[in-house]
Each structure stands twice: as structure tokens, then as C-alpha cells.
Amino acid sequence: MSEEGKKEEPTRAKTVDGLEKKWTKWWSKKEVYKYRGESRSSTYSIDTPPPTVSGHLHVGHVFSYTHTDVIARYKRMRGYDVFYPMGWDDNGLPTERRVQNYYGVYVDTSLKFDPSFKAPLEGGKAPKDFKAVPCSRENFIELCETLSQKDEEQFKDLWVELGLSVDWSRTYHTIGEECRRISQFAFLENLKRGEAYQKVAPVLWDTTFQTAVSQAELESREYPGFYHKLLFHADGEEVAIETTRPELLAACVALIANPKDPRYLHLKGKSVKTPLFGVKVPVLFHEAAEMDKGAGIAMCCTFGDVTDVEWWRELSLPVRSILTKSGRITSSVPEWIQSEEGKRAFEKLENLTTFSARKEITSLLKESGEMEGEPIPTSRMANFYEKGSKPIEIIPSRQWYIVNGSHDEKLKSDLLACGEKISFHPAFMKRRYDNWVEGLSEDWLISRQRFFGIPFPIWYRVKENGEVDYASPILPSAEELPVDPSSHTPKGFEEKMRGKAGGFVAEPDVMDTWAASSLTPLLASGWKRDESLFKNTFPMDLRPQGQDIIRTWLFDTVLRSWLEFKELPWKEATLSGWILDPDHKKMSKSKGNVVVPKEPIETYGPDAVRYWAASARLGVDTAYDEGEMKIGRRLSNKILNASKFILDLKEGAGDISKVASPLDLSLLSCLFEVEKKVTLALESFDHASALQETEAFFWSFCDDYIELVKDRAYKGDQSALNALKIALDAILALFAPFLPFVTEEAWHWAHPEGISIHLSSWPSLVEAKESPEGFKKAALFLSLLRKEKSERKVSLKTEVEKALLFGPGSEEAKIASSDLLSAVHARQIEFDPSQKEAGAKIEF
RNA sequence: GGGCGAUUAGCGCAGCGGUAGCGCACUUCCCUGACACGGAAGGGGUCACAGGUCCGAUUCCUGUAUCGCCCACCA
């Protein structure tokens, strides 16, 4: 026992306050949660979600991580060697922005690493006329690692305080060297097998961040717009179309109507002239044109939305692009506009943002009389990059992709089969996986036009004529990884050949953050780094995560694992729900309703906060509820007090052979039943019922069993004393995964030489000879007698002459007759099972 | 438009073929030799609605409504 422990012993803690400091220190000193790595069969491995290191903590973190910790602790007590690592996600836009603001820098990939670089700021507010300073990608990554270390300390403090049983010697960073190496290596493997490829195609583009984004990162939002009715000119008639994107008129390549629409059939094979620009475009027909939408005929622009892309592809239309990557109209008149009026009109739109261009073109159209009526306001759904603030545009560019089954039926069905083999908890979450896989329409776009992130390990040759030869990239060997092609020179070249004809250039793009995150099971388990660790931990057992990232993190991880090994990354996936604020609104920083987890932990104690979290089932959105924490705190205190009471009695050794009274045996049978239920629940990841079941038994144990046997226990009755001790040990063990601090405290009172309850074994009682009904009925009649006393307005300890128990169950309750007698302070007791309804009477 | 979940006491939630449970809150009582950061007892619900299956439905089936989420649509 530690010195601290000794000091505590004479006066056992009365409340839960302060337990966390004492025991977290002890656990760390004794390496209670260390993964030993003996064999795959004894290992239970967890693919812990690496929290985004953004400097903000949130009770939602506490919620879902507690669910996982309960399982980790349970498995450990079941004898598993639990592999429970922790990662930090410091690769991605949130970190990038945070580092930029914190240090006052931005990345310039043309710069070389500067070992003496000093950032101009170090947190705090930037001076008024401050201008951010450029730095190399490597310097930026260094700054990122420095800052995330600070953030990680915060997170780690929280996790430790919460009592997460993480093995802190196993941590990783998603921007760390090892992760860059693995991500690049895995990408090169994909490339080798033909699963990664590049192509020039229309991509979803965020104009604010100026990067391509993937289908998985889209979200639909309500966006205000206007319907504009434009008049196209056909022979002898005007064709009206409706559009919300008039600014793209110059990019129009065709009008599309439904082949079944009689209104436009006569235009088949004809062309029309666009308003303002007078460009001739064909009238074409396609099933995707909806007759009841707008005018029933649409203009197809390159590119206004994904339907345009579909038409463009299927009808082999030309590309007429007028939007630049910054979201502005191009700065010169495109060659397809021939007429003088058209050229003049376009000049007025040059360099305008889509928003200003829309206003400008509207007035031009009004002037020319080619718009019918006023624009009609509408609210439509538009696609946004989830972190962006303007709708995405579709712009053709060269990008890297990884296959995901969208164009490959075999791969798609393999991935669906993977979904079948993973157990989702709750099970209905699997449908979201299926829906996503079935609905994929494009391969996974993994290149991002950002500066911070994991670079593609690729260079390209520059031909003698100065053109970049994308077709045959130069690749590094596995030993060279990680590389940053913008500052490292490929083998066989000299740095001075960079950017020169006959030389080389770097691939400027970085990988999507999910490209790294999708490798967490490989990263954590030591793939290509520690083969014995890898053998013992992969495929992993459990992936816990949020329900919102099934389509990204979960799917991408399955995909990468499948491509790499033709294997599942893990067997089970648990999905936690949202945390809502007390008014059932989703907690989010922008709403300002976020609760910082430190506060409730300090106020109620970590066990109480865990109690709240563990009371909610997986997949169920849960309101933040301090009331529930109060109950958890009360329960924790009660556990301490009940333990104290039992251990202060004349010590029973917990020897089951000394338990002889039928009531005591019956209690142990009830306990056996509870253990079975709790174990079953935890095996199916139903921590909430496990906790509830344990708690219900514990209250009945305190209110009924302890009250019944108190008298015997005071008198040193061995049967009662031993049963109390056995039950106490079992109850502490059943609570241990949920309430690690109080259970540890009380367990050490009983086991002063032991290391930790969390390394002790899960209770495995055998059913006692007596039926559980005896105790249950005794408890029932004890409660009926209490009710009788309460209704007769006498105190519980008032002496009475006779207690009369009748009705069903009173026969079984007879095994407790002498205990009932002393518990209700009666001189005699009578039973009458012949009555129809159970009840109790007292006589004075 | 497709899919998924929810709807049970004032609130938060369990339950699931046999005439409703837990916790909080509420009312009453009790500083009883573990516990007043406590304990005992009590009141409170036509289980969203409408059909169907069944001897019997809150529980199964089919619809409807409301709320939430995911996907698709975005002329």
C-alpha cells in the first residue's frame, strides 16, 4: 500500500471527493493499464478515436470515451490484455487554422525548411497591422506538433481525470513522422495495385479554401436564391428556361429537355442562341430532365451542379468553363463568344464573384429584354463543404483518387459483405453504412489543394518542352519515407533541376485528412514498424466512434483495410449518440451551448460524470443532465458507506462454505442471477443495462439484505458475515468498470495488499443451493412491513407485538423469519399463505 | 423522393404478447448503532393516433401524425 493509502486507512474516506488524485497516481505508478502483448488470443484491441486537437474540450468527448472505457475495463477484468492506445488528430483544417492564428504564419511550399525559423506570434492577440509570415511546410508541421503537444496535455489531463484506462505509452499523432510514413507507404501500395489513380475531371470545389473536396465531406444546407426566367432564341420562337445560376449563362453548352416532354419535341435536332452572348447551343434530350421542374427545360452549364456533369458526360458535351478556382469569373472573353455584343456583355462580368456576377447579369438581361419578369426568391438546398461557408462549385482539375467501389461492382459487393461481417452496436447503424456504400457515385478523391497535411510522395518529370509529364510519376522507395517532395529531391535528380525543363516538379497536393485517419488501426497496431505488436493486435477487436462519421472514418477504414489485406479492420463497431444540451439542442461551439467537461468533473466527481455517460445506451442522443450526475455521486458515496459498514463488522473472510443460512444462500443466488445478466449485457455492449442491473441489486442489497441480517452480523454470525463479504466483493467488481475510483478505494480497504480491483477478476459465482426467491420474497415482506409501519404512523424501530405476513410468497419468506423479526422489532411473527393477495399487518 | 430512429407519469428514460416500471421532481414521515452529500412511505400514465392478427397488444403487423438523423434532389 502506498504511504497515502496508509494515511487514509484509519479514517476511511466518507465521500468520493479527492479519490481521483490518489488513484490516478497509483494506477500510473503500478502500470495497471499497460498492454503486455503476450499473444493475439489474450489481447483485446481497441481502435480509439483520435480526438481532433483543436484546443476545445467538450462534454461530448467525456460521453463517448466513457462508453469505450467501460468495455475496456470489463474486458481487462475478464482476463484480456487490453490494448487501449490513444491518438491525436492534428492533421487537417481545424489544426491548420489554429496553428496559423496562434503563430501568425502560413505555409508557402516554395520555401525550404529553415531550422532557425521563429514564429512571429505565440498565442495571444495579433497587433493591429500584423501580417502573417510565410514558412515552409516542414516548419509548419513542427509548429503544429509543438502546439498540439500543449493541446494534448489538456486532453490527456481530462482523460486521466475521467479515469480512462488508456495505456499512455501507446500514443500517435496523425501528422507525426510515423503517420506520414505509413500514409505515404499505404498510398504507394494502393498505387502499385492500381487502386490509386489520377485524372482530370470536374471535381467538387470549395472556393473559400480553394481545394477539392470529397463526396463524404459534403453537406446540404438551405441556401437562398432566385429563379430567373431567361429567353433563348430559336427559329421563330423564344424558349424560356428557369435558372438560379444566371451568372453561368456564358458556360451554357446545351438545353436539355425530357424525351417524353411534348412541349419541346419539335426542337429536336435544332439549336438555340443564348441570350446576351448569342452562342449557339443544341437542344438535347435526357431522362434526368424533369418535366415538372422549372420550365421543364434546363440549361446545362459546365458546371452548375452534378446533373450538369451527368449530362455533360453522357451527351459528350464540350467544356466551357468560366469559373476560376477562386470562384470568380475568368478575366478574359472566352473564344466561343463571337458576337461583339456578347463580348461586351462578358467584359462586364470579368473577375466578378459569382454573387456580383449574378447581380450584374440580371441587370444586363433586363436591359436586353431577355429576362421575363423579376427574379423570384426561392430557398433551395445547396451543397456545401462541411467546413465551408459558400456553396461548392464544380471545376475541372487534375486530382488523385482511390477506388471505393463506386465504379466497380465486385469491390462494392465486397465492401457490402464487410459490413455484414462487422457487428454494429446498435445494429441499425449498419444501414447507414449500406446506404453510403450503395449510394457512392464517385471514387474517393483524396488530393487536397492545401499546404498543410501529408504530402503525396510523388514527383513528375518535366519534359524538354517544359510540359509536366503526369503520366509517369517518380516515386520514392519505402526506405526514404516520409518525404516532402516540395523540399526533398528525388533520387537521380539534383535539386537545381526542380522546375526546369528536363528536370522534375513536386506534386503540390496533400492528402485528405481521412486518408491518414483511415489507417488508425494500422498506425496504432504498429504495421510496418513492430511486426509482433501488429500480429497481436490486428485485426482489432473494437472500433468505437461517433455515428456522424460512418461514411467517412468507418467506411474509409474498412476500405483501406480491405484493399491492403482483404481483411476487416475490426470485428465490432460501437456508435455513440450525440450530446444535446438540456433543451435538446445539439451542442456546438457556434450555438455557444457547449459545456466544458472540467466543471462537472470537479463538481460531482469523475465517477458521477461517468455514471451519467454510462446510463445512456449506444446510439441514443442524450441530453446533458447534471441531475443524473448527482445520482451517480450519491450512488458512489453509498458504495463507500456500505463498504465501510461491512468491513467494520467482525471480519468475514468471504468464505462461501461458511454461508449456511437459507436467506444468505438465497441472496447469493440473486447475486449470481445479477452477474449473469450484467455479463450478458456487457458482452453485447449494453453498458446501460449492466449498470442499471447492478445498481438495482445494490440498492436492494443495502435496503433489504443488510437491514435483515444486521442483527445477526452484529452478533458475529459467520453465515451472514461471509455472505456480506462475498456480496461486497462482487458488487464492487460489477461496478468497477463504471465507477473506477470509488470501487478502487473500497476494494483496497478490503484488500490492503492488492494492486488494483481493475486487475482483479470478474466475479464468477456458482449458483447457491437456495433459490433466489427466498430473498426476493423476504425483501418484499420487509418492505410491506415498513409500509404498514409508515401508514400506522409509527417509527420503524417501534417495538411491536406481532408481525403477520400473508398471501403469495409468504411461504418463501419464512426462511427469513428470525431476520424479519429483528428487522421490524417484533416479538412474534406469523405466516398465512392462504390469502389471495400479499400483505402484512402488525399488532401492538 | 428513399432509408433509419423516436413517440410510455411534469421531466429524463427502461420494458415488451398476459391488464404498466426506474430515477428526478412532488407529498408525508424519520437525525433508526454504514450513510442527512442520508433513509422510509405515498400520489401520479386510457403506453402518439387509427386499423389488423390473437383468447388477450404498450409490446407483433399495416397505415397516419409529430420530432430527429442519414442519403438523394438542388433547372
Side-chain angles (χ1 to χ4, degrees), chain A residues 12 14-17 215 218-223 225 227-230 241-246 248 255-257 288-290 292-301 304-308 311 378-383 391 426 428-436 438-441 547-548 550-551 577-578 580 582 584 586 604-605 608 615-617 619-623 625-628 630-631 633-649 688-689 692-693 695-696 699 702-703 706-707 710-711 714 783-784 786-791 793-798 825:
Chain A
R12 287 168 178 159
K14 266 194 109 174
T15 73
V16 298
D17 294 319
Q215 195 183 346
L218 289 189
E219 87 188 12
S220 298
R221 291 185 212 152
E222 192 86 6
Y223 191 71
Y227 283 123
H228 304 70
K229 205 164 189 179
L230 308 192
I241 63 106
E242 278 185 29
T243 179
T244 55
R245 306 285 315 262
L248 293 180
L255 291 190
I256 316 281
E290 291 177 41
D292 53 355
K293 229 174 206 175
I297 186 162
M299 71 170 181
C300 172
C301 303
D305 60 43
V306 286
T307 318
D308 286 343
W311 288 330
T378 167
S379 186
R380 62 206 179 102
M381 296 307 281
N383 277 327
F428 68 79
M429 290 288 183
K430 182 182 158 290
R431 292 302 294 271
R432 298 198 185 177
Y433 175 88
D434 294 341
N435 285 346
W436 179 249
E438 282 160 8
L440 281 168
S441 60
Q547 51 174 330
D548 50 330
I550 291 176
R551 62 179 176 164
W578 295 114
L580 310 171
H584 280 220
K586 197 176 138 188
Y604 303 103
S615 303
R617 290 174 311 151
V620 177
D621 295 346
T622 303
D625 183 359
E626 297 202 359
E628 199 72 8
K630 285 184 190 155
I631 300 162
R633 186 181 163 84
R634 194 181 60 152
L635 171 66
S636 304
N637 280 332
K638 184 90 174 173
I639 290 171
L640 286 182
N641 280 310
S643 304
K644 189 148 68 78
F645 170 70
I646 292 169
L647 295 170
D648 281 347
L649 290 165
S689 342
Q692 205 193 355
E693 203 64 57
E695 193 185 356
W699 284 107
C702 290
D703 293 350
I706 292 184
E707 292 307 324
K710 227 176 208 174
D711 206 47
Y714 283 136
S783 139
L784 287 170
R786 279 194 291 241
K787 179 178 169 181
E788 177 71 4
K789 278 195 164 181
S790 171
E791 276 169 4
K793 302 267 182 214
V794 296
S795 140
L796 273 176
K797 59 178 183 178
T798 307
H825 304 274

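In what follows, chains are A, B, ... by sequence order, proteins preceding strands, each numbered from 1. Remember, it's a predicted structure, so these values are computed and weren't measured experimentally.
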Could you go over nucleotides 3-10 of chain B and give all protein N or O partners under 3.5 Å, atom names and distances?
from, atom 1, to, atom 2, distance (Å)
B:G3, O3', A:R431, NH2, 3.4
B:G3, O2', A:N435, ND2, 3.4

Can you tabulate the close N/O pairs, meaning under 3.5 Å, that link protein atoms to atoms of nucleotides 24-26 of chain B?
from, atom 1, to, atom 2, distance (Å)
B:C24, OP1, A:R634, NH2, 3.2

Show each protein N/O and nucleotides 14-17 of chain B N/O combination with a separation under 3.5 Å, one pair to a line.
from, atom 1, to, atom 2, distance (Å)
B:A14, OP1, A:R617, NE, 2.9
B:A14, OP1, A:R617, NH2, 2.3

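When the C1' atom is used for both B:A20 and B:G33, the distance is 39 Å, rounded to whole Å. Taking atom C1' on both B:C71 and B:G15, the two are 32 Å apart, rounded to the nearest angstrom. The separation of B:C73 from B:C16, taken at their P atoms, amounts to 40 Å, rounded to a whole angstrom. For the P atoms, the distance from B:A48 to B:C31 is 43 Å, rounded to whole Å. Here, B:G10 and B:G68 have their P atoms 22 Å apart, quoted to the whole Å. Spacing of P atoms, B:U53 relative to B:A14, comes out at 31 Å, to the nearest Å. The gap from the P atom of B:U28 to that of B:U58 amounts to 35 Å, rounded to the nearest Å. Separating the P atom of B:G21 from that of B:G43 is a span of 12 Å, rounded to the nearest Å.
Here the shortest heavy-atom pairing between A:A289 and A:A257 reads CB-C, 3.5 Å.
Side-chain contact between A:T15 and A:L640 is absent, with no heavy atoms from C-beta onward closer than 4.5 Å. Using a 4.5 Å heavy-atom threshold, the side chains of A:Y604 and A:V16 count as separate. Side-chain atoms of A:I241 and A:K229, non-hydrogen and from C-beta on, never get closer than 4.5 Å to each other. Side-chain contact check for A:S441 versus A:Q215: some heavy-atom pair is nearer than 4.5 Å. Side-chain contact between A:R634 and A:I639: absent, with no pair of heavy atoms (C-beta onward) separated by less than 4.5 Å. Counting heavy atoms from C-beta outward, A:F645 and A:I706 have side chains that approach closer than 4.5 Å. The closest side-chain heavy-atom distance from A:Y433 to A:M429 is not below 4.5 Å. Between A:R786 and A:S783, some side-chain heavy-atom pair lies under the 4.5 Å cut-off.
Following rounding to the nearest Å, A:E222 (CD) and B:C73 (P) show an atom-to-atom distance of 16 Å. We find that CG of A:L784 is positioned 14 Å from C1' of B:G42, with the value rounded to whole Å. Atom C1' of nucleotide B:C71 and atom OH of A:Y433 are separated by 16 Å, given to the nearest angstrom. Spacing between atom CD of A:E791 and atom P of B:U28 amounts to 16 Å, rounded to whole angstrom units. A straight line from CG of A:L580 to P of B:G68 spans 12 Å, rounded to a whole angstrom. For the pair A:D308 CG and B:C73 C1', the interatomic distance rounds to 14 Å; values are reported in whole Å. To the nearest angstrom, P of B:C35 lies 13 Å from CG of A:N637. A straight line from CH2 of A:W436 to C1' of B:A72 spans 11 Å, rounded to a whole angstrom.
In the set B:G39, B:C37, B:U32, B:U32 carries the atom at the smallest distance from any side-chain atom of A:K797. Listed candidates were B:A41, B:C35, B:C37. Nearest to the side chain of A:S790 is B:A41. Listed candidates were B:G39, B:C71, B:C35. Nearest to the side chain of A:N641 is B:C35. Considering only side-chain atoms of A:D17, the nucleotide from B:U32, B:C73, B:C37 that sits closest is B:C37. For A:K793, taking side-chain heavy atoms from C-beta onward, the closest of the listed nucleotides B:U32, B:A41, B:U28 is B:U28.
Using modelled atom types, no side-chain atom of A:D17 and backbone atom of A:G605 make a donor-acceptor pair closer than 3.5 Å. Listed for the A:H228 side chain is a donor-acceptor partner under 3.5 Å among the backbone atoms of A:T243.
Contact annotation for A:T15: base contact, defined as any heavy-atom pair under 4.0 Å involving a base atom. Across all strands, A:C300 comes closer than 4.0 Å to no nucleic acid atom at all (heavy-atom distances). Among the heavy atoms of the strands lying under 4.0 Å from A:A642 is at least one base atom, whether or not backbone atoms are also near. When heavy atoms are screened at a 4.0 angstrom cut-off, A:A295 is found touching no nucleic acid atom at all. Contacts of A:N383 with the nucleic acid, taken as non-hydrogen atoms under 4.0 Å apart, include base atoms. Looking at heavy-atom distances under 4.0 Å, A:M299 makes no contact with the nucleic acid at all. No engagement by A:Y223 is indicated, since no non-hydrogen atom pair under 4.0 Å with the nucleic acid exists. Within 4.0 Å of A:S783, counting heavy atoms only, lie sugar-phosphate atoms of the nucleic acid but no base atom. Within 4.0 Å of A:K293, counting heavy atoms only, lies at least one base atom of the nucleic acid. Here A:A257 lies out of heavy-atom contact (under 4.0 Å) with every strand. Within the nucleic acid shown, A:V306 comes within 4.0 Å of sugar-phosphate atoms alone, with no base atom in reach, counting heavy atoms only.
A stem is defined here as three or more consecutive Watson-Crick or G-U pairs, each with both distances under 3.5 Å; for RNA chain B these stems are B:1-7 with B:65-71, B:10-13 with B:21-24, B:26-30 with B:38-42, B:48-52 with B:60-64.
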Next item on the list: Dump the intermediate steps for side-chain contact (heavy atoms from CB on, under 4.5 Å) on A:T244 and A:T378, then the final yes or no.
Entry: CA-CA 9 Å; A:T244 55; A:T378 167; 4.3 Å; yes
Note to self: Using the rule given for side-chain contact (heavy atoms from CB on, under 4.5 Å), can you reason through A:R245 versus A:C301, listing the C-alpha separation, both sets of side-chain angles and the distance that settles it, and then say yes or no?
What the structure shows: CA-CA 9 Å; A:R245 306 285 315 262; A:C301 303; over 6 Å; no
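Residues A:R221 and A:E219 are paired through a salt bridge, judged by an N-O separation under 4.0 Å between the basic side chain and the carboxylate. A salt bridge does not link A:D305 to A:R380: none of the charged nitrogens lies less than 4.0 Å from a carboxylate oxygen.
The nearest heavy atom of RNA chain B to A:A289 and to A:D711 marks one nucleotide each, and the one closer to the 5' end goes with A:D711. When each of A:T243 and A:H825 is assigned the nucleotide of RNA chain B bearing its nearest heavy atom, the one mapping closer to the 5' terminus is A:H825.
By the side-chain hydrogen bond (donor to acceptor under 3.5 Å, both in side chains) test, A:E693 pairs with no residue at all, sequence neighbours left out. Residues satisfying the side-chain hydrogen bond (donor to acceptor under 3.5 Å, both in side chains) test with A:Q547, not counting sequence neighbours, are A:R432, A:D621.
Between A:Q215 and the phosphate of B:A72, there is a side-chain N or O to OP1/OP2 separation shorter than 4.0 Å.
No more than 12 heavy atoms of other residues, nucleotides or ligands lie within 6.0 Å of NZ in A:K630, so this atom counts as exposed by the packing criterion.
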